[in-house]
Participant: 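Pasting in a structure now, in structure tokens, and then I'll have a few things to ask.
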Amino acid sequence: MEIKNILSVKVSEGVTSCFNGEIAADDVQIQETRKDFEGDITVVVFPFTRYSRRSPEETGKILGDYLKKNVDAVEDFNVVKGFLNIVISSEYWLEVLADIEDTENYGYSEPGAASKTIMIEYSSPNTNKPLHLGHIRNNFLGWSVAEILKANGHRVIKTNLVNDRGIHICKSMVAWKEFSGGSTPESTGMKGDHFVGDYYVKFDKEYKRQVRELVEKENLGEEDAKNRAPIMQEAQEMLRAWEAGDKETVELWRRMNAWVLEGFDETYKVLGIDFDKVYFESQTYKKGKELILKGLEKGVLYRKESGSIWADLTGDGLDHKLLLRDDGTSVYMTQDIGTAYMRFEEFPMDEEIYVVGNEQNYHFQVLALICRKLGFEWADKIKHLSYGMVELPDGKMKSREGTVVDADNLVKEMVDTARTISRELGKLEGYTDEEAEEVYRKIALGALKYFILKVDPKKTILFNPKESIDFNGNTGPFIQYTYTRIRSVLRKANEEGTNTDKFDWDIKSAVSLKEREIIRSLARFPEVVKEAGANYSPALIANYVYDLAKEFNQFYHDFSILREEDAGLKTIRLGLTAVCGRVISQGMRMLGVEMPERM
RNA sequence: GGUCCCAUAGUUCAAUGGAUAGAACGAAAGUUUCCUAAACUUUAAAUCCGUGUUCGAUUCACGGUGGGACUACCA
């Protein structure tokens with residue numbers, strides 16, 4: 001059992017035996033001792049003063065004596081104000097270290113240990129343009145949260161709902177027919193998603209030109225002109241044809257979607273993202289309608305005179321929400337209700353997490369409410385993992401204004417930067433070009449992933465392309481670098497004849513302050529993983545790993561491990577180095593960051 | 001108008017209601033007989049405003065101010 005748990009139980013007992021008070025072990029406040037104070041673990045004693053009827057200092061002393069007598073691991077204690085600082089014995093810390101070393105996949109629970117089945121939907125792109133920086137945040141976040149939940153022992157199903165139908169793809173199709181002259185990604189050598197995206201842009205340009213022309217030449221109002229622009233009418237016509245199953249249209253739709261999806265697959269591969277199951281909206285968008293009609297029968301929903309069906313949410317402080325149009329067709333919300341229903345039918349899930357940007361907070365608020373109204377017992381199992389926008393130094397990204405940062409380009413540029421910096425420093429001499437390129441790729445992706453994941457999901461990220469790939473400070477490359485140094489130390493120790501596979505911890509000598517601090521951090525790792533899983537927050541893991549890496553660097557600077565005369569201390573320090581390396585790489589694994597052996 | 005989110009050093013990010021609010025970048029000064037100086041050590045620098053809850057508030061509640069998102073018979 002962990003020391004914190006042992007202490008909280010003992011403190012609870014102590015309060016009863018010393019002060020005749022009742023306090024549940026879970027309510028005992030235990031935290032790590034701040035660095036400026038002596039001790040390892042601190043108990044907050046303020047809450048006990050109402051039982052002890054003494055000053056916080058006295059209360060702390062009495063409790064401290066009790067713990068020293070009754071817990072082996074407690075070596076000493078001191079009381080500052082209302083804080084009881086406990087010193088844990090070196091023997092205990094060494095045991096902890098040995099335990100961590102023995103635990104395969106430290107920080108990870110056994111698969112199935114937590115026994116929840118969780119579906120996580122992320123990415124969910126439209127098939128009319130390539131992925132950009134906003135999608136990158138979504139993809140990294142979804143993938144990492146899935147890994148963290150797995151580490152917590154849950155069964156996780158990663159899904160992607162591809163928005164492959166609708167007016168947006170029709171726009172690209174119209175433009176392609178009009179302007180391409182039959183060219184294809186193969187004939188132009190372009191990546192499929194970029195190829196199709198270009199036609200989406202061409203559509204928009206032509207559309208704007210036509211609207212302007214109508215306004216000027218025919219004196220139409222802006223709204224009228226927008227509706228009457230021939231190219232837009234063509235797109236709408238195409239959507240109708242598609243829904244009617246027109247052979248030629250469906251054929252073109254298939255062809256263009258295939259180009260885009262091929263491009264996406266390539267990008268996903270580069271980003272290190274994958275899915276267990278991919279849904280296509282074209283296959284699911286019609287469901288949901290019958291659920292709405294049933295809701296109408298039950299009287300949970302209502303029908304307007306014109307024929308449309310609505311939910312009245314004014315009782316919940318919200319508005320009225322449309323669910324079926326006058327013509328009986330469904331809207332986005334209806335589709336989402338349908339797909340959620342299908343999924344809960346298909347899998348016995350305990351949770352379904354949607355990784356979707358915060359511009360859809362309202363949508364998910366409404367979704368949960370309506371599902372509850374419709375009487376689905378799974379309504380409360382829906383979770384929206386909402387994340388903030390990614391902004392650039394000069395403002396927001398807008399696809400129409402061309403101020404988006406393209407995902408493929410960004411990765412390429414970051415690899416270039418990594419290569420340039422690395423070459424200047426001459427760090428990879430002796431590596432073949434191929435090996436070196438692999439390292440540059442790991443650095444670039446590590447930088448990008450870490451940069452995005454270290455920020456609390458719900459906060460807006462300010463992305464500065466120039467500063468993003470920093471090799472110092474709280475960055476991915478800094479952590480990777482620390483790891484490679486650790487590997488290098490171990491290599492050297494091996495060369496000198498020390499077996500670093502397994503350490504002998506049977507040493508009596510005291511562990512120094514700095515070492516204790518690191519062991520304490522290491523011991524905390526499983527807790528952090530648990531907390532990150534509960535909050536869907538890779539940021540917790542990221543900041544933990546950074547702290548550990550930094551602590552290790554400081555520790556390492558103070559001691560010359562390999563020159564240490566005392567064989568016992570040398571073993572501890574080398575062992576600590578090895579364990580740190582393992583925990584750092586475990587943490588980064590949950591973020592999807594790969595670790596090079598050298599850099 | 002309504003719903004939701006955000007506000008911390010010059011900048012980018014931290015802090016289960018706990019001690020003197022942590023880091024990093026940038027700025028100023030230093031450290032290479034030792035693992036890889038992509039490191040380490042110093043210094044200066046911040047909780048938007050007000051009220052409340054209590055032993056104790058960056059954190060919780062209420063009210064402001066500032067910023068953002070949403071509020072389509074679009075997806």
Side-chain angles (χ1 to χ4, degrees), chain A residues 29-31 33-37 42 44 46-47 49-50 56 80-83 85 124 126 128 163 165-169 281 285 304 306-310 313-314 316-319 321-333 335-336 357-366 386 388-389 391 393 396 421-422 424-425 427 443 451 454-456 458-464 467-468 470-475 477-478 480-482 484-493 527 531 534-535 539-540 542-544 546-547 550 553-563 577 598-599:
Chain A
Q29 291 184 57
I30 289 192
Q31 53 197 276
T33 304
R34 289 179 68 116
K35 286 183 185 162
D36 329 320
F37 296 90
T42 295
V44 182
F46 288 111
T49 51
R50 48 185 285 232
V80 181
K81 294 181 186 170
F83 299 92
N85 301 321
S124 304
N126 287 349
N128 63 333
N163 282 302
R165 65 160 281 281
I167 192 76
H168 54 269
I169 179 72
E281 200 186 70
Y285 79 105
K304 274 193 183 172
S306 56
S308 52
I309 296 178
W310 297 73
L313 304 173
T314 50
D316 300 284
L318 298 176
D319 244 321
K321 176 71 195 174
L322 173 86
L323 292 170
L324 286 180
R325 300 190 186 100
D326 288 345
D327 61 6
T329 55
S330 60
V331 295
Y332 180 38
M333 181 62 71
Q335 293 166 31
D336 257 10
N358 64 8
E359 74 267 17
Q360 290 194 34
N361 283 356
Y362 190 78
H363 174 82
F364 282 98
Q365 209 183 339
V366 171
S386 162
M389 302 284 97
E391 290 182 3
K396 277 195 194 73
I421 297 177
S422 204
E424 270 171 20
L425 292 165
K427 291 281 183 182
I443 293 173
F451 185 84
K454 76 172 180 190
V455 181
D456 185 314
K458 72 181 166 192
K459 291 198 180 179
T460 304
I461 286 185
L462 185 73
F463 182 79
N464 188 338
E467 292 168 14
S468 62
D470 211 327
F471 291 77
N472 286 309
N474 191 355
T475 64
F478 171 81
Q480 288 172 318
Y481 175 62
T482 303
T484 58
R485 284 178 68 206
I486 287 172
R487 302 296 300 169
S488 163
V489 170
L490 296 176
R491 265 199 303 274
K492 188 153 183 188
E527 257 177 75
E531 201 186 338
N535 295 315
L540 290 172
N543 285 299
Y544 167 85
Y546 171 66
D547 283 345
K550 198 176 149 53
N553 270 312
Q554 289 166 0
F555 157 79
Y556 205 91
H557 189 260
D558 292 344
F559 303 101
S560 301
I561 290 179
L562 298 175
R563 288 201 156 187
T577 301
R598 264 186 73 184
M599 66 186 271

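Only a predicted model underlies this, so the values are computations on that prediction, with no experimental measurement involved. FYI, side chains are in, hydrogens and waters are out, and symmetry mates aren't considered; it's all heavy atoms of this structure. Every chain is numbered from 1 and lettered A, B, ... according to where its sequence line falls, protein lines coming before strand lines.
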Participant: Looking at A/Gln29, I'd like to know whether one of its side-chain N or O atoms comes within less than 4.0 Å of OP1 or OP2 on B/G17.
Facilitator: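 No.
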Participant: May I ask you to say what A/Thr49 touches in the nucleic acid, namely base, sugar-phosphate or nothing, with a heavy-atom cut-off under 4.0 Å?
Facilitator: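 Touches nothing.
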Participant: Taking side chain as C-beta onward, heavy atoms only, is A/Asn553 less than 4.5 Å from A/Arg485?
Facilitator: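 The answer is yes, as the side chains (C-beta and beyond) meet within the 4.5 Å cut-off.
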Participant: Would you measure the distance from the C1' atom in B/C62 across to the matching atom in B/C70 and give it in whole Å?
Facilitator: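 My reading of the C1' atoms in B/C62 and B/C70 gives 25 Å.
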Participant: Please classify the nucleic acid contact of A/Asp547 as base, sugar-phosphate, or nothing, using heavy-atom distances under 4.0 Å.
Facilitator: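 If one applies the 4.0 Å heavy-atom cut-off, A/Asp547 turns out to touch nothing in the nucleic acid.
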Participant: What is the separation between atom CD on A/Gln31 and atom P on B/A19, rounded to the nearest whole Å?
Facilitator: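 Whole-Å distance recorded here is 7 Å.
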Participant: Base, sugar-phosphate alone, or nothing: which one does A/Val331 contact when heavy atoms must sit under 4.0 Å apart?
Facilitator: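 The answer is sugar-phosphate, as A/Val331 gets under 4.0 Å only of primed atoms, P, OP1 or OP2.
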Participant: Looking at A/Lys427, I'd like to know whether one of its side-chain N or O atoms comes within less than 4.0 Å of OP1 or OP2 on B/A38.
Facilitator: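 Checking B/A38 against A/Lys427, a side-chain N or O does come within under 4.0 Å of OP1 or OP2.
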Participant: Would A/Leu324 and A/Ser330 count as a side chain to side chain contact (heavy atoms under 4.5 Å, CB included) if you check the C-alpha gap in whole Å, the side-chain angles of each, and the deciding distance to 0.1 Å?
Facilitator: CA-CA 5 Å; A/Leu324 286 180; A/Ser330 60; 4.0 Å; yes
Participant: Would you indicate what A/Ser386 reaches in the nucleic acid, counting non-hydrogen atoms under 4.0 angstrom: base, sugar-phosphate, or nothing?
Facilitator: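 No contact.
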Participant: So is the aromatic ring of A/Phe46 stacked onto the base of B/G18, judging by whether the centres are under 5.5 Å apart and the planes are under 30° apart?
Facilitator: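 Yes; centroid distance and tilt both under limits.
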Participant: Tell which nucleotide pairs with B/U3, taking only Watson-Crick or G-U wobble pairs whose two distances are both under 3.5 angstrom.
Facilitator: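 Partner of B/U3: B/A69.
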Participant: Could you check whether A/Asn85 gets within reach of a base, just the sugar-phosphate, or nothing at all, counting any heavy atom under 4.0 Å?
Facilitator: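 Base contact.
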Participant: Go through the side-chain N and O atoms of A/Asp470 and A/Thr475 and say whether any donor and acceptor fall under 3.5 Å apart.
Facilitator: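 A/Thr475 and A/Asp470 do not have a side-chain donor-acceptor pair below 3.5 Å.
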Participant: Describe the nucleic acid contact of A/Thr475 in one word from base, sugar-phosphate, nothing, applying a heavy-atom distance below 4.0 Å.
Facilitator: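 Counting heavy atoms under 4.0 Å across all strands, no contact is made by A/Thr475.
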Participant: Send over the distance from A/Lys458 NZ to B/G67 P, rounded to a whole Å.
Facilitator: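 The answer, rounded to whole Å, is 21 Å.
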Participant: Nearest to the side chain of A/Lys459 - B/C6, B/C35, B/U16?
Facilitator: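 Of B/C6, B/C35, B/U16, B/C6 is nearest to the side chain of A/Lys459.
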Participant: Tell me whether the ring of A/Phe83 lies stacked over the B/A19 base, given a 5.5 Å limit on centroids and a 30° limit on the plane angle.
Facilitator: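 It does: the ring sits over the base of B/A19.
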Participant: Classify A/Ser422 by what it touches in the nucleic acid, base, sugar-phosphate, or nothing, heavy-atom distance under 4.0 Å.
Facilitator: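 Touches a base.
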Participant: Between B/A75, B/G18, B/A38, which one does the side chain of A/Phe471 approach most closely?
Facilitator: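 Closest of the options to the side chain of A/Phe471: B/A38.
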Participant: What integer distance in Å separates A/Leu322:CG from B/U71:C1'?
Facilitator: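 Those two atoms, CG and C1', are 14 Å apart.
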Participant: Taking the side chain of A/Leu425 as its heavy atoms from C-beta onward, which of B/A39, B/U16, B/A38 lies nearest to it?
Facilitator: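 Nearest nucleotide to the side chain: B/A38.
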Participant: Any side-chain N or O of A/Arg34 less than 4.0 Å from the OP1 or OP2 oxygen of B/A19?
Facilitator: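 Affirmative; the distance criterion is met.
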Participant: Does B/U8 have a Watson-Crick or wobble partner in any strand here, with both distances under 3.5 angstrom, and which is it?
Facilitator: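 Checking every strand shown, B/U8 finds no partner, since no pair has both distances under 3.5 Å.
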Participant: Taking the C1' atom of each, how far is B/A21 from B/A39, in whole Å?
Facilitator: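 Roughly 27 Å separates the two C1' atoms.
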Participant: Measure from NZ on A/Lys550 to P on B/A38 and round the result to the nearest Å.
Facilitator: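 Atom NZ in A/Lys550 sits about 16 Å away from atom P in B/A38.
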Participant: Partner of B/U51 by Watson-Crick or G-U wobble geometry, both contacts under 3.5 Å, or none?
Facilitator: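 When the pairing criteria are applied, B/A61 turns out to be the nucleotide that pairs with B/U51.
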Participant: Name the closest nucleotide to the A/Ser488 side chain, picking from B/A69, B/A75, B/C35.
Facilitator: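 So the side chain of A/Ser488 is nearest to B/C35.
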Participant: Closest approach to the side chain of A/Phe37, judged atom by atom: which nucleotide of B/A75, B/U20, B/A38 is it?
Facilitator: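 Looking only at heavy atoms from C-beta outward on A/Phe37, the closest nucleotide is B/U20.
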Participant: Check every strand shown and say whether A/Glu531 touches a base, only sugar-phosphate, or nothing at a heavy-atom separation below 4.0 Å.
Facilitator: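 Touches nothing.
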Participant: Please measure how far the C1' atom in B/C25 lies from the corresponding atom in B/A9, and state the result in whole Å.
Facilitator: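 So the two C1' atoms sit 12 Å from each other.
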Participant: Within the 4.0 Å heavy-atom criterion, would you say A/Tyr546 contacts the bases, only the backbone, or no part of the nucleic acid?
Facilitator: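 If one applies the 4.0 Å heavy-atom cut-off, A/Tyr546 turns out to touch the sugar-phosphate alone, with no base involved.
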Participant: Among the nucleotides B/U3, B/U20, B/A69, which one has an atom lying closest to any side-chain atom of A/Leu318?
Facilitator: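 The nucleotide sitting nearest to the side chain is B/U3.
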Participant: Give A/Arg491 one of three labels, base, sugar-phosphate or nothing, depending on what nucleic acid heavy atoms sit under 4.0 Å from its own.
Facilitator: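 The residue A/Arg491 makes no contact with any strand.
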Participant: Provide, to the nearest angstrom, the distance between the CD atom belonging to A/Gln554 and the C1' atom belonging to B/A23.
Facilitator: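 Roughly 10 Å, once rounded to whole Å.
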Participant: Are a donor atom and an acceptor atom from the side chains of A/Tyr544 and A/Glu531 found within less than 3.5 Å of each other?
Facilitator: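 No.
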Participant: Let's see if you can work this out: which of B/U3, B/A75, B/C73 has an atom nearest to the side-chain heavy atoms of A/Gln365?
Facilitator: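 Nearest listed nucleotide: B/U3.
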Participant: Quick check on B/U32: syn or anti? Syn means the glycosidic torsion is within 90 degrees of zero.
Facilitator: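 That one's syn.
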Participant: Distance check, C1' atoms only: B/A61 and B/G17, in whole angstrom units.
Facilitator: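 These two C1' atoms come out 13 Å apart once rounded.
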Participant: For B/A39, take OP1 and OP2 only and decide whether either is under 4.0 Å from a side-chain N or O of A/Asn472.
Facilitator: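 Yes, A/Asn472 has a side-chain N/O under 4.0 Å of OP1/OP2 on B/A39.
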Participant: Is there, by distance only and without an angle test, a donor paired with an acceptor across the side chain of A/Asn361 and the base of B/C5 below 3.5 Å?
Facilitator: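 For A/Asn361, whose side chain was compared with the base of B/C5, there is no donor-acceptor pair (under 3.5 Å).
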Participant: Using the C1' atoms only, state how far B/A14 lies from B/A75, rounded to an integer number of Å.
Facilitator: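 The same atom, C1', in both gives a distance of 37 Å.
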Participant: Quick one: look up who B/A27 pairs with, Watson-Crick or G-U, both distances under 3.5 Å, and put none if it's unpaired.
Facilitator: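 B/U43 - that is the nucleotide pairing with B/A27, both distances being under 3.5 Å.
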Participant: Whether the side chain of A/Thr42 and the base of B/A19 hold a donor-acceptor pair under 3.5 Å is what I'd like checked.
Facilitator: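 Indeed there is one.
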Participant: In whole Å, what separates the P atom of B/C34 from that of B/G30?
Facilitator: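 Comparing P positions in B/C34 and B/G30 gives a spacing of 24 Å.
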Participant: So, do A/Tyr546 and A/Lys454 sit near enough that their side-chain heavy atoms are less than 4.5 Å apart?
Facilitator: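 Contact flag for A/Tyr546/A/Lys454 side chains = no.
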Participant: A/Gly317 near the nucleic acid: base, sugar-phosphate alone, or nothing, with a heavy-atom cut-off under 4.0 Å?
Facilitator: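 Sugar-phosphate contact only.
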Participant: May I ask you to test the A/Ile486-A/Tyr556 pair for a side-chain heavy-atom distance under 4.5 Å?
Facilitator: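 In short, these two side chains do not touch, never coming nearer than 4.5 Å.
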Participant: Both distances below 3.5 Å, Watson-Crick or wobble geometry, any strand: find the nucleotide opposite B/A19.
Facilitator: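 Because no pair has both required distances under 3.5 Å, B/A19 counts as unpaired.
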Participant: Using the C1' atom as the point on both nucleotides, what is the distance between B/U8 and B/G66, in whole Å?
Facilitator: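 These two C1' atoms come out 15 Å apart once rounded.
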Participant: Students often get this wrong, so: under 4.0 angstrom with heavy atoms, is A/Ile461 touching a base, only sugar-phosphate, or nothing?
Facilitator: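 Since only primed, P, OP1 and OP2 atoms lie under 4.0 Å of A/Ile461, the category is sugar-phosphate.
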Participant: Looking only at side-chain atoms of A/Arg325, point me to the closest of B/G18, B/C40, B/C74.
Facilitator: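 The listed nucleotide nearest to A/Arg325's side chain is B/C74.
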Participant: Expressed in whole Å, how much space separates the P atoms belonging to B/A57 and B/C49?
Facilitator: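 The answer is 15 Å between these two P atoms.
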Participant: If you define the side chain from C-beta out and look only at heavy atoms, does anything of A/Asn358 sit under 4.5 Å from A/Lys458?
Facilitator: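 Sidechains of A/Lys458 and A/Asn358: no contact.
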Participant: Do A/Ile461 and A/Phe451 come close enough that some side-chain heavy atom pair is under 4.5 Å?
Facilitator: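 Result yes, sub-4.5 Å side-chain heavy-atom pair found.
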Participant: For B/C34, give its Watson-Crick or G-U wobble partner with both distances under 3.5 Å, or none.
Facilitator: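 B/C34 is paired with nothing.
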Participant: Rounded to the nearest Å, what distance is computed from the CG atom of residue A/Asp470 to the C1' atom of nucleotide B/A38?
Facilitator: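 Distance check: A/Asp470 CG to B/A38 C1' gives 10 Å.
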Participant: Consider the side chain of A/His168, meaning its heavy atoms from C-beta on, and name the nucleotide among B/C73, B/A75, B/A38 that approaches it most closely.
Facilitator: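 Of the candidates, B/A75 comes closest.
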Participant: Would you say the side-chain atoms of A/Asp336 and A/His363 include a donor-acceptor pair closer than 3.5 Å?
Facilitator: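 Yes, a side-chain donor-acceptor pair sits under 3.5 Å.
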Participant: Among B/C35, B/A75, B/C73, which is the nearest nucleotide to the side chain of A/Ser306?
Facilitator: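 Nucleotide nearest to A/Ser306's side chain: B/C73.
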Participant: Is any side-chain heavy atom of A/Leu323 closer than 4.5 Å to a side-chain heavy atom of A/Trp310?
Facilitator: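 Counting from C-beta outward, A/Leu323 and A/Trp310 never come under 4.5 Å.
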Participant: With a 3.5 Å limit on both atom pairs, tell me what B/G56 is paired to, counting Watson-Crick and G-U wobble, or say none.
Facilitator: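 Per the H-bond distance test, none.
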